[in-house]
Amino acid sequence: MGLLKEMQRAHARQVRAQRQAQAAAYRQHQQLRREAERAMKAAQRSAAANERERKRLYAEARGAEVAAANSDLQIRLGQLDSLLTATLDVDDHIDFRSLKKKVSHPPFNPGALGTPLPPPDWRRFEPPAPTGLAKVFGGQAKYQQQVAGAQQAYSQARAQHAAAEADRQRRLAAAHQAYQQHCAKVEAEAATHNAEVDRFAAAFAAGDPAAVVEYFGMVLGNSVYPDDFPQHYRLAYVPESRQLVVEYHLPTLDVVPAVREYRYVKARDEITSAARPAKETKDRYANVVAQVTLRTVHELFEADRAALVETIVFNGIVDTTDPRTGASVQPCLVTLRTTREVFGELNLRMVDPGACLQHLNASVSKRPAELAPVRPVLEFDMVDKRFVDEVDVLADLDQRPNLLKLTPTEFESLIQNLFAKMGLDTKQTRPSRDGGVDCVAFDPRPIFGGKVIIQAKRYRNTVDVSAVRDLYGTLQNEGASKGILVTTSGYGAASYEFASGKPLELIDGSNLLYLLAEHAEVKARIDPSELD
């Protein structure tokens, strides 16, 4: 019985141990589950927080994108608003000395060739002298043999060194010669360049038309505009009247940002834009056109310290496509003729660009955004010397009439025929009763037409301003709507100043040749040398 009870107690202990182990395992399992649940909840909370953080950062990034885009808009508008004032602190004059090359040679650096090769050292060849017993028992003879061999090797090393050193010196001399040749070549190139600059400066000072045009082309090329501005232009110079004619390409309407403001709509995760009002866009574009006009004229006059230019004609054109026809067009949106004296009186820092152009009697498009053109005060091709060169070919040299050789009556008849070809109803006046009028014409157009009086001056020298005043007086006495003065020579700044804002048209020799070729198919020339 005792053994049975002992076995029962042992079994009971075993069962309790198993149950305790199971309970401990269960408790551990439950603890692990609770920890897993806590970890899962923590992960979920972290994921939610991370998602909120991610969304916050994303919204901030989109907002920053919108802020940057709006900042770009403001910077762009600032550039457009300051086109004129940005150039007023810039000295547009080009000093010819700054175009010259200054030669500065780096010191000759031969590198390793500049260091002599170290000669052989006898100590590296000399055998050690015998000592102790070796010195007594035959060591001296062996030593002498070693010395003789060392001296031979040393002599060979010295010979090799001498050859290598001679080769180094030859290569050093060749390198120095190449350095001197390079320096001489650079100096020669600089001298050639500087001589060309001197020739250019002399030609410019002498008023050579090609040099004058090239100089002012450099001036306009130095003008810093926003990258999307075209900055294309043509220049022509008429030395007789000291007149510079500029045909300048203006930017198109899209130079003004079409967007007024960007916004980020968080609910739709979308960046939207508000369009700039059409009126504001048109006003800003008109302001850009006015600023570019004034800026260009200012830069040209300021750069002309030699006072070679007294009058500037500016034609601002746009190279674009007519949306109505799809054809390429180049309408003139602004045209201006002004003199150095009149323009110099302006305070460009304080002017309203549009009002300033009105003050200068410029003709400005009423609707530049719609490309409504104005008639240039002077067509560029009328004064472009390349056109004259095309006419002045050797094959036609003897056949083309020299206008200066015509009699006064023949010249007046030529002018009458020219304007008849241009659509006017002309009638030549009698010499004895012209009252200063060589031709009376009638423009048949309604509203713009009327009586036109024409005077023709077959001159070799510049027409005096008194002739322009006389024409204006005759125009008033005759009750005419317009007066035209035609000459084979040119006009000065005073003449253009007087005619500005008045119904007067001044046509110089270059213009006359153009009009004869364009409308009357007459290829003529003006050559004073044949009269000497």
Side-chain angles (χ1 to χ4, degrees), residues 241 243 311 313-315 331-339 342 357-367 372-379 382-383 411-459 463-488 490-509 511-512 514-516 518-520:
S241 55
Q243 179 173 254
T311 305
V313 172
F314 178 92
N315 293 333
C332 180
L333 301 186
V334 56
T335 183
L336 164 71
R337 175 188 276 126
T338 187
T339 63
V342 170
L357 289 183
Q358 289 183 356
H359 169 73
L360 294 173
N361 295 314
S363 181
V364 184
S365 171
K366 300 298 183 183
R367 303 185 311 281
V374 296
R375 180 187 175 190
V377 294
L378 180 62
E379 292 284 355
M382 284 183 166
V383 293
F411 184 64
E412 290 175 8
S413 297
L414 178 69
I415 300 303
Q416 176 191 352
N417 293 333
L418 168 62
F419 283 100
K421 292 284 187 179
M422 295 174 66
L424 298 182
D425 183 8
T426 61
K427 180 180 180 181
Q428 188 173 355
T429 62
R430 295 184 179 182
S432 60
R433 300 181 58 188
D434 63 359
V437 178
D438 298 321
C439 179
V440 175
F442 292 91
D443 188 342
R445 295 178 302 168
I447 302 177
F448 301 103
K451 183 178 181 180
V452 181
I453 58 172
I454 302 171
Q455 287 185 354
K457 303 291 184 183
R458 188 177 52 85
Y459 284 3
V463 175
D464 190 77
V465 66
S466 60
V468 184
R469 293 196 185 99
D470 291 344
L471 174 63
Y472 186 59
T474 304
L475 179 148
Q476 293 176 315
N477 293 334
E478 294 284 333
S481 59
K482 187 170 186 177
I484 301 176
L485 185 58
V486 185
T487 184
T488 50
Y491 305 95
S495 296
Y496 288 120
E497 284 184 22
F498 181 81
S500 178
K502 299 181 179 66
L504 299 177
E505 188 85 21
L506 305 183
I507 299 176
D508 63 12
N511 304 351
L512 177 58
Y514 171 85
L515 293 175
L516 287 170
E518 185 75 9
H519 298 282

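Atom set for the values below is all heavy atoms of this structure, side chains included, hydrogens, waters and symmetry mates excluded.
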Participant: Walk me through whether Gln455 and Thr474 qualify under side chain to side chain contact (heavy atoms under 4.5 Å, CB included).
Facilitator: CA-CA 10 Å; Gln455 287 185 354; Thr474 304; 4.2 Å; yes
Participant: If I take atom CG from residue Leu424 and atom CG from residue Leu418, how far apart are they, to the nearest 0.5 angstrom?
Facilitator: 9.0 Å
Participant: Is there a side-chain contact between Val440 and Lys451 (heavy atoms, below 4.5 Å)?
Facilitator: yes
Participant: Between Leu516 and Leu414, does the side chain to side chain contact (heavy atoms under 4.5 Å, CB included) criterion hold? Intermediate values first, please.
Facilitator: CA-CA 9 Å; Leu516 287 170; Leu414 178 69; 4.0 Å; yes
Participant: Taking the six-membered ring of Phe314 as reference, does the cationic atom of Arg337 (NZ for Lys, CZ for Arg) lie under 6.0 Å from its centre and within 45° of its axis?
Facilitator: no
Participant: Give, for atom CD1 of Ile415 and atom NZ of Lys457, the distance between the pair rounded to the nearest 0.5 Å.
Facilitator: 12.5 Å
Participant: Hey, which of Asn477, Leu485, Leu504 is the one that makes side-chain contact (heavy atoms from CB on, under 4.5 Å) with Tyr472?
Facilitator: Leu504
Participant: Can you check whether Ile507's main-chain N or O pairs, donor with acceptor, with Tyr491's side chain at less than 3.5 Å?
Facilitator: yes
Participant: Taking Gly509's backbone N and O only, do any of them form a donor-acceptor pair with Thr488's side chain (distance below 3.5 Å, no angle check)?
Facilitator: no
Participant: What's the separation between atom CG in Asp508 and atom OG1 in Thr487, rounded to the nearest 0.5 Å?
Facilitator: 8.0 Å
Participant: Taking all non-hydrogen atoms of both residues into account, name the closest pair between Val465 and Ala494 and its distance.
Facilitator: CG2-O, 3.6 Å
Participant: Should Ile453 and Leu471 count as side-chain neighbours, where that means a heavy-atom distance under 4.5 Å?
Facilitator: yes
Participant: Are Lys502 and Phe498 in a cation-pi contact, defined as NZ or CZ under 6.0 Å from the six-membered ring centre and within 45° of the axis?
Facilitator: yes
Participant: Calculate, to the nearest 0.5 Å, the distance between atoms CZ and CG belonging to Arg458 and Leu512 respectively.
Facilitator: 12.5 Å
Participant: Evaluate side chain to side chain contact (heavy atoms under 4.5 Å, CB included) for Leu333 paired with Val364, printing each intermediate quantity in order.
Facilitator: CA-CA 6 Å; Leu333 301 186; Val364 184; over 6 Å; no
Participant: Can you list the steps and then say if Leu336 with Val313 is a side chain to side chain contact (heavy atoms under 4.5 Å, CB included)?
Facilitator: CA-CA 6 Å; Leu336 164 71; Val313 172; over 6 Å; no
Participant: Taking atom types as modelled, find out whether Gln243 and Tyr496 have a side-chain donor-acceptor pair closer than 3.5 angstrom.
Facilitator: yes
Participant: Atom CG in Asn361, atom OG1 in Thr338: separation rounded to 0.5 Å?
Facilitator: 9.0 Å
Participant: Does the Asn315 side chain pair with the main chain of Leu378, one donor and one acceptor, at a distance under 3.5 Å?
Facilitator: yes
Participant: Between Ser365 and Ala372, is there a donor-acceptor pair closer than 3.5 Å when you use the side chain of the first and the backbone of the second?
Facilitator: yes
Participant: To the closest 0.5 Å, what do you measure between SG (Cys332) and CZ (Arg375)?
Facilitator: 11.5 Å
Participant: Side chains of Leu515 and Met422: closer than 4.5 Å at any heavy-atom pair?
Facilitator: yes
Participant: side-chain contact (heavy atoms from CB on, under 4.5 Å) with Glu497: which of Val468, Thr311, Thr339?
Facilitator: Thr339
Participant: If you define the side chain from C-beta out and look only at heavy atoms, does anything of Leu506 sit under 4.5 Å from Ser495?
Facilitator: yes
Participant: Contact between Val452 and Ile484 at the side-chain level, heavy atoms closer than 4.5 Å - yes or no?
Facilitator: yes
